[in-house]
Amino acid sequence: MSDAFTREPSWAPRLFPPAARAPRAVQTARMFLDPQGYAGSLRRRFGPVFSLRTSPYRGALVCAAGAAVNRAVLTDHARFEGGDAAALLAPAVGAGSLICTPPPRHLGHRKLLLPSFHGTRITGWTERVRELVQASLPGLLSGDGVAVRPWAQRLTLDVILRVVLGLEDPARVAAFRHALNSFVGTGNLAVLFLPKPLQRDLGPLSPGGRFHRLRAAVRDLTREEIGTRRAAPDRAHRDDVLSLLLDARDEHGAGLDDAQLLDELTGLVLAGYETTATTIAWTLHLLAHHPAARDDLIADLDSGSDRLLKATVNESARLRPAVHHAMRTAVHDTELGGHPVPRHAFVAALFSLTHLDPELWPEPGAFRPERHLGTAPVPYSLTPFGGGVRRCIGVSLAQLETETVLREILAAAVPEPAGPLEPARLVSVTIVPARGGRIRLRGRRSHRPD
Ligand code: HEM
């Protein structure tokens with residue numbers, strides 16, 4: 001097993017918050033098939049802190065669902081830290097990426113990256129993101145009943161390859177797309193949850209062998225890009241993250257070497273595209289199934305306002321946050337919500353349940369964008385991008401992409417259902433629409449002027 005799992009305490013009811021009696025395999029399957037429904041039933045039974053006995057944890061995943069416990073898990077660093085939990089991702093993204101950097105190095109590392117993702121810098125990408133959305137729209141509009149998520153994955157990957165790596169050459173974009181889709185798709189990343197010996201390269205047909213081969217393909221391409229850019233004469237005038245990071249220096253004047261850059265860029269690309277695509281898919285799917293909210297949004301956008309746009313994206317992220325939970329480990333034996341939590345236990349801030357807490361959100365299951373107008377949410381009641389020092393660094397980019405897609409699509413077409421509202425499935429830490437978020441797009445006769 002990986003170090004994180006080796007240190008994890010085994011299951012003993014007196015050590016952990018309460019859990020259902022159902023066997024581990026049953027709990028795992030129920031979480032996969034209905035993450036919000038099953039975890040919601042445990043919350044109603046046990047309160048805001050409970051244990052889930054699911055694979056791959058040999059003890060239990062301690063779950064926190066509620067604003068106060070969400071805040072504790074995300075911000076009380078003396079008790080809950082990202083180290084072990086983030087290390088699970090290291091074989092995929094690289095131990096040097098921000099996502100896997102433990103404290104105290106994390107803060108300095110984050111400072112180096114923050115300027116590249118600042119809102120004002122990201123706004124500079126607006127027109128290019130719009131062009132990419134425009135170019136990919138025919139693929140969506142021509143279908144009669146289309147799954148939005150695969151379409152959006154292609155788009156968000158194109159965006160991130162340009163913003164992060166500065167790729168322009170269509171052949172290079174295609175090579176990256178192929179390598180990343182093979183690496184991330186087809187269940188390959190499930191290897192991260194296998195025992196350590198099985199993660200190794202045991203030959204071309206072994207899961208570990210395949211994982212390492214596909215990972216090497218992505219990293220080779222990225223390495224080439226770093227080399228080319230280091231030598232590029234126009235680097236100082238470029239605005240992609242790679243070019244900016246090559247010249248970034250910390251307060252001691254130190255920059256990132258090629259190995260660190262490689263991990264960093266891999267982490268940014270992997271963290272940034274599937275999450276954004278899933279968010280876009282849920283928003284369009286939910287709009288298709290809520291015609292009153294959809295028509296209000298279209299009318300508002302047509303009138304030149306964006307009053308409802310952010311509210312709609314917030315409401316979609318409340319009901320179906322792309323990232324289901326953020327994970328930490330307990331630094332020492334502690335408590336949460338009055339329950340014991342043993343040292344090294346995995347602890348998850350379950351955003352997807354906090355967002356459905358009826359005390360925070362009346363009629364939590366209803367899709368009502370207007371609930372976000374003119375009010376600020378209770379702190380830590382709405383955290384689709386996490387919170388505290390590890391809050392998502394790509395928020396501005398993700399919002400720019402999601403809002404641009406909605407503006408462009410709703411100017412051209414009206415999303416309608418192409419079947420029933422899809423249930424959510426848990427895939428690693430994301431919740432995705434079971435059939436890709438299928439919708440039908442009815443073309444609009446008159447488009448808004450630009
Ligand atoms: C709608 C799309 C997105 C969602 C829902 C999302 C969600 C999240 C969440 C919940 C976290 C916190 C994880 C934790 O606390 O353990 C996070 C962290 C992170 N995200 Fe995002 N993300 C999105 C898009 C992006 C994009 C576009 C990028 C980069 C291009 C990105 C890069 C990162 C990085 C590097 C971190 C780690 C930050 C740190 O540890 O300091 N994300 N994201």
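Just so you know, these numbers come straight off a predicted model, no measurement behind them. Every number for a ligand or one of its atoms is a count from 1 in the order of the listing.
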Student: Is a side-chain N or O of Q260 found less than 3.5 angstrom from the main chain of D257, in a donor-acceptor match?
Tutor: yes
Student: Side chain, backbone, both or neither: which applies to E401 and ligand 1 if a contact is any heavy-atom pair less than 4.0 Å apart?
Tutor: neither
Student: Give me the residue, atom name and distance of the protein heavy atom closest to atom 5 (C) of ligand 1.
Tutor: P384 O, 3.6 Å
Student: Keeping to distances under 2.8 Å, can you name the protein N/O/S atoms close to atom 21 (Fe) of ligand 1?
Tutor: C392 SG
Student: Below 3.5 angstrom, do we get any N/O pair linking T276 and ligand 1?
Tutor: no
Student: Under 3.5 Å, is there a donor-acceptor pair linking the side chains of S352 and H324?
Tutor: yes
Student: For residues M327 and F346, report the shortest heavy-atom separation together with the two atoms involved.
Tutor: CE-CD2, 4.0 Å
Student: Does any N or O atom in R328 lie less than 3.5 angstrom from one in ligand 1, N or O only?
Tutor: yes
Student: Do we get R58 above W11's six-membered ring, with its NZ or CZ under 6.0 Å from the centre and within 45° of the axis?
Tutor: no
Student: Would you say the side-chain atoms of D357 pair up with the backbone N or O of G66, donor to acceptor, closer than 3.5 Å?
Tutor: no
Student: Does the distance from a Lys or Arg side-chain N to an Asp or Glu carboxylate O, for D76 and R328, drop under 4.0 Å?
Tutor: no
Student: Could you point out which residue of R121, R235, R238 forms a side chain to side chain contact (heavy atoms under 4.5 Å, CB included) with L244?
Tutor: R121
Student: Is there any N or O on H106 that sits under 3.5 Å from an N or O of ligand 1?
Tutor: yes
